[in-house]
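Have a look at the structure below, then the notes.
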Amino acid sequence: MAETDVSKLVIEDEFLSSDQQDHEQPSTSSTRQTVKRKQSDDDGDDEDSDSNADQYLKDNTHGKVIASHYNTLEEKGIYERTKSKIFYMRNYNNWIKSMLINEFMAKLKEKSWTAPVRVLDIGCGKGGDLLKWSKANITHIICTDLAEVSLEQCEARYKKINSKKDVKKPFTAEFFACDATKTRLRSKYLDPSIELDLVSCQFAFHYCFETLQQAECMLKNASECLRVGGYFIGTIPDANEIMKRRVLSKSEEFGNDVYEISILWETEQPPFFGAKYNFRLDNVVDCPEFLVHFPVLEKLALKFGLKLVMKKRFEEYHDDMIKSGRFLIEKMQSLETYPAFNKHYQAEQTDESYSHAKKYIDNKMKYGNYRRPFRVGTISQSEWEAISIYMVFAFEKIKT
């Protein structure tokens, strides 16, 4: 069992939403973002190939497995998602992505960046970040993904968002299915001469580390149309954390009731590329993935004019952003009420999963000026162990 500090994810009840305080279960009336699905790893023969995703799937086992998984993943309603073990993890990951997008949109504005703002979303999935981009007031977005069904749902979600009357500045969009680790994306843009301001790849970049060639293709796609001073941002599993948990567990399989990792490479030390493992996350993800050796990524990125400006584990990023993002983390219902008004609605049924929150309350009651029991916002230990596998990164495009 990995030792992760979940105690920081305890916020006193003044920051809990009224829905959580007044009801026995989370409100289902508000719109909730779904967690970004993982993207796949292959499509096409070379960077100028016009072959489509279907042809790619015929030739590549990993791509077939991953695309098939996400194409057949059932789109569940809001109420059904509230019953998931990872409901709060999904919302928390969305909070991390929101803070990351907002941070680097703000950095563009600090540079006196003027409209229009154009974005590329690699591995867009079903469009879980479209509302974030809408609120960021972008002008245009290019959405690409290997899973064609997911992309269709993404386009439908885009049309629904832009049709709302309260959308002050509708943004334009284009959608196409392909794999960014094998295909030159620029050849598929409506305007190949477009200059991008921001490139985002959320919970998907690690698939390109199957081979050196795929990693270079992905980085070229991220960099090629990105203007100098623009940013490439994303979220990936932290290879060091995975290796640490492997050592602590003394097994090639480790995890908990929320997530499980099965090491599939055969050498003692993982190779720089092709270090495959299988990742299972509740009933949402069950696919092969690849370790990203970050020093190699940093060196390769420079080859394509991308300079590392930030990399932090989710724990670190939480510490940096919670002060400015406290209202948003509450609004997005990223934390669970503890003690629950009705234990039936807790993500985890065992008290051990919330021992950090109980300890916080007990200490406040003992040493603080609290005269009656109170509730806090937190997240279960099992969910936090899955969340704390990940890290955020950001590269800036420089002159070469």
Do Thr172 and Arg118 get their side chains close enough for a donor-acceptor pair, meaning under 3.5 Å? no
Hydrophobic clusters here meaning ILVMFWY residues chained together by side-chain heavy-atom distances under 4.5 Å, can you tell me if Leu302 and Val292 are in one? no
When the ring planes of Phe279 and Tyr390 are compared, do they come out parallel, tilted or perpendicular, using 30° and 60° as the limits? perpendicular
Any side-chain donor paired with an acceptor under 3.5 Å for Glu336 and Tyr354? yes
Enumerate, atom names and distances included, each donor-acceptor pair closer than 3.5 Å involving a side-chain atom of residues 231-240, sequence neighbours excluded.
| unit_1 | atom_1 | unit_2 | atom_2 | d |
| --- | --- | --- | --- | --- |
| Tyr231 | OH | Lys111 | NZ | 3.0 |
| Thr235 | OG1 | Gln202 | OE1 | 2.9 |
| Thr235 | OG1 | Phe203 | N | 2.9 |
| Asp238 | OD1 | Asn240 | N | 3.1 |
| Asp238 | OD2 | Arg313 | NE | 3.4 |

Is it true that Val228 and Leu306 fall in one hydrophobic cluster, defined by side-chain heavy atoms closer than 4.5 Å? no
Ignoring hydrogens and geometry beyond distance, is a side-chain donor-acceptor pair present between Gln214 and Thr211 at under 3.5 Å? yes
Before accepting this row, confirm whether a basic side-chain N of the pair Lys132/Asp129 lies closer than 4.0 Å to the acidic partner's carboxylate O. yes
Checking Ser150 against Gln153: is there a side-chain donor and acceptor pair closer than 3.5 Å? no
Cys208 to Thr181 - nearest heavy-atom pair and separation: CB-CG2, 3.5 Å
Among Asn137, Val117, Asn162, Val119, whose side-chain contact (heavy atoms from CB on, under 4.5 Å) with Phe171 holds? Asn162
Answer with yes or no after comparing the ring centroid distance for His318 and Trp95 against a 6.0 Å cut-off, counting only values under it. yes
Between Glu216 and Lys303, is the closest basic N to carboxylate O distance under 4.0 Å? yes
With a 4.5 Å limit on heavy-atom distance, are the side chains of Lys312 and Phe393 in contact? no
